[in-house]
Structures are given as C-alpha cells and as structure tokens.
Amino acid sequence: RATLDDYLPRFPQLAEELRLQFEVDEALTVLRPQPAAPPSTVTTASPEDAEVENLPRLEGCDLLDELGRGAMGIVYRGWQRAAKRPVAVKLLPTDVPIGRVRNEVQAVSRLHHPNIVGVYEVKEHEGRTALVLEYVESGNLAQKLGGKPVAPAEAAHLVEVLARAMEYAHARGVIHRDLKPSNILL
C-alpha cells in the first residue's frame, strides 16, 4: 500500500493536495464498516452451568455476575429465561422507588434506535426497582480510551454517532442527564 512519503518526492508541487487526499482516505478507513465479530459464547449460551453465588435472585432472570456499580445502582450481566437472551439488569438504589422512574423508563422503552440501549422490562425486587436492559458486551468508551486521545477521524465519527442518537432521543422528549464516557457503551 502506497504512503504519502511515496508520493511527495515524485510530486512536490502537489504536497497539500496529497496530504489532504491521504487524510481523507484515513478518515474513510475509520468509517468503513468492519467485519462482524463471531458470536460470543457468553451471549449465545444458556447460563445453566454458570456458578452464581451471592447474587440477588430476580424473577425471570438469572444474574450471572456484577458488571459495575455507580451512584444509580448496581448493574449485573444476566440471562432472561423466557426470551433466551443475554441482558443487563440494573438494580436502582432503595431510595429510588419505581413510581419515581416509571414515566422516564416508559419514555426510554419507546426509543428504538441502533445506538440506544433498549429497555426490555421494569420490575420490583425486594423494594428496589430493577431495569432489564439490552446487554452490550464490548465495554464502554472510558475503558476504550483509557485516558488517551483517539485519531481525529475516529473521534469525529464517534461524535456524529452520539449526536444522532441524542437527537433521536431529544426529538422524542427524552434527555440523557448523565452522558459521559463511562455511560457510552460500545
């Protein structure tokens, strides 16, 4: 594959145009769809053999392990038995009753966008609100970045995807009040 350095000595009078062309090509490379990864055994296998210790028991879901904790509760990786699909289950803090979040959750559950995590179900569990959500396996943006910058073209693509998802939600009256890298799933 030819590089910019291959062309500059031969065509010095076109240096600016060549730099621009290679920059555009790099940007397009970032934006081109990548081949899909093979399905993970985590998301396709039933968790019947998984060891589950000290995890809450939730009707209709097997909780497999803890994914994370934050101010708005604990998130678990789980398996929804009836639908036979992987899920994320978020248990909200005890001081957040289901009535307080019901309208917000109903509004979010009506959003159907490829870049917005789907809400499957809302349950009560031992006095706590439990949200059964679409499971996203690849981690979050904060983990991917690791405190390091990304290439401008990749950053621009990511901002565009986020902006389109937020515009979709805003047009339907939903505002994400805690949009940050650790809440952006990949």
Side-chain angles (χ1 to χ4, degrees), residues 36-148 158 161-186:
S40 166
T41 56
V42 171
T43 59
T44 57
S46 172
E48 293 168 3
D49 299 327
E51 286 203 25
V52 178
E53 296 179 16
N54 302 321
L55 293 176
R57 300 189 60 75
L58 185 67
E59 183 182 336
C61 291
D62 296 316
L63 301 185
L64 305 174
D65 53 21
E66 186 177 312
L67 294 174
R69 291 173 178 256
M72 284 306 294
I74 305 170
V75 180
Y76 298 93
R77 182 174 62 92
W79 182 261
Q80 195 174 33
R81 289 189 297 273
K84 296 184 179 172
R85 65 182 168 198
V87 293
V89 176
K90 184 171 191 172
L91 283 179
L92 300 180
T94 54
D95 63 340
V96 181
I98 197 166
R100 184 171 134 198
V101 297
R102 185 174 302 281
N103 289 342
E104 290 179 36
V105 170
Q106 286 175 345
V108 172
S109 68
R110 288 190 297 267
L111 298 179
H112 300 287
H113 189 277
N115 300 112
I116 297 177
V117 171
V119 178
Y120 296 141
E121 199 173 1
V122 180
K123 299 174 170 258
E124 278 200 61
H125 174 72
E126 297 176 359
R128 296 172 76 176
T129 302
L131 307 176
V132 181
L133 309 165
E134 177 183 1
Y135 177 67
V136 179
E137 188 172 356
S138 298
N140 63 49
L141 181 60
Q143 293 165 330
K144 178 184 177 178
L145 295 176
K148 297 177 182 144
L158 178 60
V161 170
L162 290 170
R164 290 185 189 281
M166 290 301 93
E167 187 277 331
Y168 174 87
H170 292 174
R172 286 151 184 81
V174 176
I175 296 174
H176 194 304
R177 295 180 299 202
D178 196 21
L179 190 59
K180 59 188 178 185
S182 61
N183 286 341
I184 298 170
L185 304 177
L186 304 173

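Computed from a predicted model, the values in this text were never measured in an experiment.
- Contact of the Trp79 side chain with the Cys61 side chain is not registered, since no non-hydrogen atoms from C-beta on lie closer than 4.5 Å.
- The two residues Ile116 and Ala165 have their closest heavy-atom pair at CD1-O, 3.6 Å.
- Ile184 pairs by the side chain to side chain contact (heavy atoms under 4.5 Å, CB included) definition with Leu141, Leu162, Leu179, not counting sequence neighbours.
- To the nearest 0.5 Å, the span separating CG on Leu145 from CG on Asn140 amounts to 9.0 Å.
- Distance check, rounded to the nearest 0.5 Å: NE2 of His125 to CG of Leu131 gives 13.0 Å.
- Residues Leu111 and Ala169 come closest through the heavy atom pair CD1-CB, 4.0 Å.
- You'll find the side chain of Tyr76 reaches within 4.5 Å of the side chain of Pro56, heavy atoms only.
- Under the side chain to side chain contact (heavy atoms under 4.5 Å, CB included) criterion, Lys148 pairs with no residue at all, not counting sequence neighbours.
- When the side chain to side chain donor-acceptor pair (under 3.5 Å) test is applied to Arg164, the partners found at least two apart in sequence or on another chain are Glu160.
- With sequence neighbours excluded, the residues forming a ring pair (Phe, Tyr, Trp, His ring centres under 6.0 Å) with His113 are Tyr168, listed by chain and number.
- Residues passing the salt bridge (charged side-chain N to carboxylate O under 4.0 Å, His left out) test with Glu167, sequence neighbours excluded: none.
- Ile74 CD1 to Leu55 CG: the interatomic distance, rounded to the nearest 0.5 Å, is 10.0 Å.
- Contacts of Arg81 classified as side chain to side chain donor-acceptor pair (under 3.5 Å), with partners at least two apart in sequence or in another chain: Asp62.
- Here Leu185 contributes atom CG and Lys144 contributes atom NZ; the two are 13.5 Å apart, rounded to the nearest 0.5 Å.
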Evaluate His176 against Asn183 for side chain to side chain contact (heavy atoms under 4.5 Å, CB included), listing each step before the verdict.
CA-CA 10 Å; His176 194 304; Asn183 286 341; 4.2 Å; yes

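- Considering only residues two or more places apart in sequence or on other chains, His170 meets the side chain to side chain contact (heavy atoms under 4.5 Å, CB included) condition with Met166, Ile175.
- Pairing each heavy atom of Ala130 with each of Leu91, the nearest pair is CB-CD2, 3.5 Å.
- Contacts classified as salt bridge (charged side-chain N to carboxylate O under 4.0 Å, His left out) and involving residues 106-122 (residues at least two apart or in different chains) are given here: Glu121-Lys123.
- Side-chain contact check for Arg128 versus Leu92: every heavy-atom pair is 4.5 Å or farther apart.
- Contacts of Glu134 classified as side chain to side chain contact (heavy atoms under 4.5 Å, CB included), with partners at least two apart in sequence or in another chain: Val117, Tyr120.
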N/O donor-acceptor pairs under 3.5 Å from side chains in residues 63-70, not counting sequence neighbours:
residue : atom : partner : partner atom : Å
Asp65   : OD1  : Arg77   : NE           : 3.1
Asp65   : OD2  : Arg77   : NE           : 3.4
Asp65   : OD2  : Arg77   : NH2          : 3.0
Glu66   : OE1  : Arg69   : NE           : 3.4
Glu66   : OE1  : Arg69   : NH2          : 3.1
Glu66   : OE2  : Arg69   : NE           : 2.7

